[in-house]
Protein chains: 2
Amino acid sequence: MSAIPAPRKRRKEDRPSELLGAALHLFVEKGFTATRLEDVAAKAGVSKGTLYLYYENKEALFKAVIQEGVIPIIAENEAIAAKHTSSSFDLLEKLLDNWWTKIGQTAFAGIPKLMVAEARNFPELATFYYENVINRSRALVGSTLRRGMNSGEFRPMDVETTIDVLIAPILMLLIWRFSMNCCQGSQTDPQQYLQIHMDILRQGLRRLEKESQV
Amino acid sequence: MSAIPAPRKRRKEDRPSELLGAALHLFVEKGFTATRLEDVAAKAGVSKGTLYLYYENKEALFKAVIQEGVIPIIAENEAIAAKHTSSSFDLLEKLLDNWWTKIGQTAFAGIPKLMVAEARNFPELATFYYENVINRSRALVGSTLRRGMNSGEFRPMDVETTIDVLIAPILMLLIWRFSMNCCQGSQTDPQQYLQIHMDILRQGLRRLEKESQV
DNA sequence: TAACTTAATGACCAACGAGTCATTAAGTTA
DNA sequence: TAACTTAATGACTCGTTGGTCATTAAGTTA
């Protein structure tokens with residue numbers, strides 16, 4: 001690239017998030033170890049030394065990337081659930097819509113792939129992610145399932161396991177997007193995929209009338 | 001570890017697969033770049049130089065790990081499908097059982113996690129894996145879905161997308177096992193998980209009688 | 001049993017990349 | 001405007017690791 005690099009410019013307030021954005025992109029693409037800090041710095045438009053003004057080391061940068069991804073979407077969904085009054089399935093759909101808008105269509109959507117790839121190398125961080133993202137989402141989905149079962153809208157099922165089966169296609173949609181999608185001829189339409197997932201669940205979770213009669 | 005290392009012993013016939021087994025284990029755990037060849041050699045009970053007698057370089061070893069994982073289970077499932085005469089849902093269950101026995105409970109179960117983690121770094125290999133594992137499996141599931149829709153057993157749905165929704169929880173079961181399971185308090189029982197997945201599908205895919213009347 | 005072949009070894013070298021720091025340049029203050 | 005502060009720089013150091021190869025040892029052949 002023959003462009004003249006941007007001249008030095010102080011941007012103390014913006015640098016941390018610019019560096020995080022560059023780091024998120026490259027860590028998601030290549031993984032922690034295969035990402036070079038010189039590339040992260042270049043992507044953020046600075047030199048490698050600048051990185052060390054804001055982050056102590058490579059691992060500190062990595063942790064900041066994951067921790068910043070824990071954005072208030074979880075709390076938002078918790079608030080949505082607290083207010084909800086109509087059917088439990090409507091609530092599931094509303095939670096999914098909100099998640100898709102706020103995470104599914106942003107750079108943070110790459111974090112599941114990154115976390116899955118690096119969990120064994122950073123177990124404490126994986127635990128942090130599990131407790132603050134995965135488990136809070138699971139709790140929301142779980143309480144919605146129980147609510148539907150209690151009202152007779154859903155058939156009785158083991159909730160803890162059903163949560164995992166229900167969440168799996170959603171996480172996989174993101175993981176696949178930042179991973180295997182690079183290397184296959186055709187790709188799934190995410191909206192249609194989520195629609196079919198919910199469609200199967202709408203009927204698959206339903207308490208059928210024959211069951212009521214038994 | 002204070003054990004005296006095994007004395008040198010020639011094992012020309014067994015070495016390649018011993019090295020592959022060691023490499024599979026460490027690549028799945030740490031990822032390609034973070035895995036040191038000295039550790040792979042040590043795990044196989046040899047010195048690092050021995051590795052280079054059988055594999056040209058680190059990348060060649062990695063590719064052999066993925067390629068060896070394409071085991072004849074796909075062909076086996078294709079044969080099972082060709083012979084099947086009862087319900088399409090029974091066939092889906094049979095295919096899943098066979099996959100679980102032959103892959104889900106072996107070391108090869110780690111390959112989806114490894115492939116997902118490294119696809120962007122090894123796009124040709126990801127394409128190979130997609131075409132030889134993922135897409136052949138998708139074709140089997142797809143023909144089974146069409147078979148069920150044609151007979152009236154399943155309701156009409158977009159097959160290509162339904163395949164992905166159906167396969168996602170199965171792949172996720174393996175990915176999660178070799179990734180996030182290290183770092184969360186409790187874990188899903190795989191048999192129950194797959195049972196609930198199939199249970200939701202049994203009812204979720206079904207063509208209901210009301211639909212027939214419309 | 002000596003001569004030979006070949007599987008295995010691990011010290012070594014070169015390349016790489018995380019992290020450092022003396023220097024430079026942007027911006028602020030007096 | 002000079003003096004000062006501080007954000008940015010990139011050459012450099014040092015440790016790590018992929019890959020090599022002279023040497024060793026296991027096994028075979030004559």
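Below, chains carry the letters A, B, ... as their sequence lines are ordered, and counting in each starts from 1. For the numbers below, each heavy atom of this structure counts, side chains included, while hydrogens, waters and symmetry mates do not. In this text the structure is predicted, and so the values were computed from the model without any measurement.
- For Ser47(A), no side-chain nitrogen or oxygen approaches OP1 or OP2 of dA8(D) to under 4.0 Å.
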(request) Starting at the 5' end of nucleotides 18-23 of chain C, put B wherever the base has a protein heavy atom under 4.0 Å, S where only the sugar-phosphate does, and a dash everywhere else. (result) BBB---
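- Salt bridge status for Glu131(B) with Arg136(B): absent, with no side-chain N to carboxylate O gap under 4.0 Å.
- Counting non-hydrogen atoms under 4.0 angstrom, Tyr55(B) reaches nothing in the nucleic acid.
- Of the possible polar contacts, none joining the Thr161(A) side chain to the Tyr193(B) backbone as a donor-acceptor pair under 3.5 Å is found.
- Look at CG on Leu19(B): it is 15 Å from P on dG19(D), rounded to the nearest Å.
- In this entry the distance linking NZ of Lys9(B) with C1' of dA8(C) reads 13 Å, nearest Å.
- Phe62(B) places its CZ atom 16 Å from the C1' atom of dG18(D), with the value rounded to the nearest Å.
- Proximity of a side-chain donor or acceptor of Asp199(A) to a complementary backbone N or O of Gln195(A) within less than 3.5 Å is not detected.
- Heavy atoms of other residues, nucleotides or ligands lying less than 6.0 angstrom from CD of Glu38(A) number 12 at most.
- Counting to the nearest Å, the C1' atom of dT9(C) and the OH atom of Tyr54(B) are 13 Å from each other.
- With respect to Glu160(A) and Arg146(A), a salt bridge is recorded, a charged nitrogen being found less than 4.0 Å from a carboxylate O.
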(message) Let's test your reading of the pairing rules: Watson-Crick or G-U wobble, both distances under 3.5 Å, then write DNA chain D as a dot-bracket string with ( ), [ ], | and dots.
(response) ||||||||||||||||||||||||||||||
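- The pair Lys94(B)-Asp97(B) does not count as a salt bridge, with every side-chain nitrogen at least 4.0 angstrom from each carboxylate oxygen.
- Between Arg11(B) and dA26(D) there is no side-chain N or O to OP1 or OP2 distance below 4.0 Å.
- Remark: side-chain polar atoms of Thr106(B) are paired, donor with acceptor, to backbone N or O of Phe108(B) under 3.5 angstrom.
- For dA26(C), neither phosphate oxygen OP1 nor OP2 lies less than 4.0 angstrom from any side-chain nitrogen or oxygen of Lys12(A).
- Rounded to an integer number of Å, the gap from Lys30(B) NZ to dT16(D) P is 15 Å.
- Remark: P of dT9(C) and CG of Leu53(B) are 9 Å apart, rounded to the nearest angstrom.
- Residue Thr50(A) places no side-chain N or O under 4.0 Å from the OP1 or OP2 atom of dA7(D).
- Straight-line distance from the CG atom of Leu26(A) to the C1' atom of dG17(C): 15 Å, rounded to whole Å.
- In summary, the aromatic rings of Tyr55(B) and Phe62(B) are positioned with their centroids too far apart to meet the 6.0 Å limit.
- Between Asp39(A) and Lys30(A) there is no salt bridge, since no side-chain nitrogen of the basic residue lies less than 4.0 Å from a carboxylate oxygen of the acidic one.
- Leu51(B) places its CG atom 10 Å from the P atom of dG19(D), with the value rounded to the nearest Å.
- Side-chain N/O atoms of Arg10(A) include none lying less than 4.0 angstrom from OP1 or OP2 on dT5(D).
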